[in-house]
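Everything below concerns the one structure shown next.
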Amino acid sequence: MIKILFVCLGNICRSPLAEAICNAKIKEYGLESSLLTDSAGTSTYHIGEDPDPRSIEVARAHHTPISHKGRQVSSSDKHEFQYIMAMDRSNFQNIVSMLGEQPEGLYLMRDFDPESRGAEVPDPYYGGQQGFEDVYQMLDRSCEELIDFIREKHNI
Ligand code: 4NP
């Protein structure tokens, strides 16, 4: 089983949405027995909480099931997940600090966005619903390419 962890700051806006979008694609491609996802935050702010209502709304608008309870990144994640996807550079640096090393499978999510490779998924928390739609589109493109990359690399 190949495991992918999506990471942002709060684990209520971006990363649970990334997880939901990736899960929908895993189901669409029939990869449930090969790929597993989770998400986590670098902060403790929203542990145990459901996704932000605006992430739930944008997921609903795109018919993407979403369900997650906020949790913080833990040091065991570096052993459990082959892929750790940071939403922005600040998340990336915080993950390196928290894990005490830069794991081989740590990437910036938008390294896989063909429209803007290496850009950040901006934090939509202090903005409006349109910001969540923009984030959805970035994550949708990036998840698509990430799954292609993993399938090719692992022959699945
Ligand atoms: P996320 O968004 O990192 O995409 O989940 C945020 C959620 C909460 C906060 C910041 C960003 N906050 O400061 O509480």
Side-chain angles (χ1 to χ4, degrees), residues 1-56 58-59 64-113 116-125 132 135-136 138-156:
M1 184 67 82
I2 295 159
K3 296 186 180 179
I4 312 166
L5 183 66
F6 298 98
V7 179
C8 62
L9 175 62
N11 193 211
I12 52 169
C13 298
R14 292 165 291 179
S15 59
L17 198 52
E19 180 188 352
I21 292 168
C22 196
N23 282 343
K25 292 183 188 295
I26 288 170
K27 200 168 172 195
E28 184 186 345
Y29 300 139
L31 296 169
E32 296 100 322
S33 59
S34 310
L35 296 182
L36 203 69
T37 69
D38 192 10
S39 67
T42 58
S43 77
T44 57
Y45 306 154
H46 299 282
I47 291 173
E49 293 182 20
D50 287 322
D52 185 282
R54 296 163 296 177
S55 283
I56 293 174
V58 78
T64 305
I66 185 167
S67 165
H68 182 73
K69 297 287 180 195
R71 74 163 178 94
Q72 191 180 26
V73 171
S74 105
S75 57
S76 61
D77 289 330
K78 70 182 170 202
H79 306 298
E80 187 171 349
F81 294 92
Q82 289 92 334
Y83 293 91
I84 301 180
M85 310 303 300
M87 297 297 130
D88 63 32
R89 290 177 209 286
S90 163
N91 305 148
F92 190 103
Q93 285 310 323
N94 285 331
I95 293 163
V96 173
S97 303
M98 294 172 82
L99 300 183
E101 61 174 304
Q102 184 170 323
E104 194 186 324
L106 176 61
Y107 295 92
L108 207 50
M109 186 70 194
R110 293 184 80 193
D111 285 344
F112 295 90
D113 183 354
S116 193
R117 227 170 271 290
E120 298 183 304
V121 182
D123 182 352
Y125 188 64
F132 284 74
V135 163
Y136 187 97
M138 293 166 198
L139 293 174
D140 191 57
R141 293 192 299 268
S142 304
C143 282
E144 190 72 31
E145 197 179 280
L146 174 64
I147 290 175
D148 282 349
F149 174 82
I150 292 174
R151 290 185 80 167
E152 197 159 315
K153 189 163 173 183
H154 301 269
N155 244 317
I156 52 175

Point to revise | Stepwise side chain to side chain contact (heavy atoms under 4.5 Å, CB included) test for Ile21 and Lys25 | key: CA-CA 6 Å; Ile21 292 168; Lys25 292 183 188 295; 3.9 Å; yes
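- Contact check for Met138 versus Pro122: side-chain heavy atoms found under the 4.5 Å cut-off.
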Check your understanding: Does the pair Glu19 and Asp38 meet the rule for a side chain to side chain contact (heavy atoms under 4.5 Å, CB included), with working shown?
Key -> CA-CA 6 Å; Glu19 180 188 352; Asp38 192 10; 4.2 Å; yes
Review point. So Leu139 and Phe6, side chain to side chain contact (heavy atoms under 4.5 Å, CB included) or not? Walk me through it.
Key: CA-CA 11 Å; Leu139 293 174; Phe6 298 98; over 6 Å; no
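- Counting all heavy atoms, side chain and backbone alike, Ile84 lies closest to Pro103 at CD1-CG, 4.3 Å.
- Side-chain contact between Val7 and Ser15 is absent, with no heavy atoms from C-beta onward closer than 4.5 Å.
- With hydrogens and angles disregarded, a donor-acceptor distance shorter than 3.5 Å links the side chain of Asn94 to the backbone of Ser90.
- Looking at Lys69 and Asp50, a side-chain N of the basic residue comes within less than 4.0 Å of a carboxylate O on the acidic one, giving a salt bridge.
- Using a 4.5 Å heavy-atom cutoff, the side chains of Tyr125 and Leu9 are not in contact.
- Rounding to the nearest 0.5 Å gives a distance of 12.5 Å between CD of Gln102 and NZ of Lys78.
- Pairing each heavy atom of Gly118 with each of Leu108, the nearest pair is O-CD2, 3.5 Å.
- Distance alone, capped at 3.5 Å, is enough to place a donor-acceptor pair between the Arg151 side chain and the Ile156 backbone.
- The 12-atom threshold is exceeded at CD of Glu32, counting heavy atoms of other residues, nucleotides or ligands nearer than 6.0 Å.
- Within the model, atoms OH of Tyr107 and CZ of Phe112 stand 5.0 Å from one another, a figure rounded to the nearest 0.5 Å.
- A donor-acceptor pair is defined here as one N or O able to donate and one able to accept, closer than 3.5 Å; such a pair exists between the side chain of Arg14 and the backbone of Val121.
- In this structure, the separation between CD1 on Ile56 and NE2 on His68 is 12.0 Å, given to the nearest 0.5 Å.
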Exercise for review: Tell me, with the steps shown, if Tyr83 and His154 meet ring pair (Phe, Tyr, Trp, His ring centres under 6.0 Å).
Suggested key: CA-CA 12 Å; Tyr83 293 91; His154 301 269; 5.7 Å; yes
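- No side-chain heavy atom of Asp140 sits less than 4.5 Å from a side-chain heavy atom of Thr64.
- One finds the OG atom of Ser39 at 10.0 Å from the CG atom of Leu17 (value rounded to the nearest 0.5 Å).
- Donor-acceptor pairing under 3.5 Å is lacking for the side chains of Asn91 and Thr42.
- With a 6.0 Å radius and a threshold of 12 heavy atoms from other residues, nucleotides or ligands, Glu28 has its CD atom above the threshold.
- A donor-acceptor contact shorter than 3.5 Å is absent between the side chain of Gln82 and the backbone of Gly105.
- Cys22 is listed as a side-chain neighbour of Ile147, based on a closest heavy-atom distance under 4.5 Å.
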Exercise for review: Please test Ile150 against Ile4 for side chain to side chain contact (heavy atoms under 4.5 Å, CB included), starting from the C-alpha separation and ending with a verdict.
Suggested key: CA-CA 10 Å; Ile150 292 174; Ile4 312 166; 3.7 Å; yes
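- In this structure, Tyr29 places its OH atom where more than 12 heavy-atom neighbours from other residues, nucleotides or ligands lie under 6.0 Å away.
- Each of Arg117, Met85, Met87, Arg141 was checked for a side chain to side chain contact (heavy atoms under 4.5 Å, CB included) with Arg110, and the lone residue meeting it is Arg141.
- Panel note: side chain Ser55, backbone Cys13; a donor-acceptor pair is recorded below 3.5 Å.
- Expressed to the nearest 0.5 Å, how far CG of Asp148 lies from SG of Cys143 amounts to 11.0 Å.
- For the side chain to side chain donor-acceptor pair (under 3.5 Å) with Asp77, the qualifying choice from Arg71, Lys3, Gln72 is Arg71, the only one to do so.
- Between His46 and Asn11, the closest side-chain pair of non-hydrogen atoms is not below 4.5 Å.
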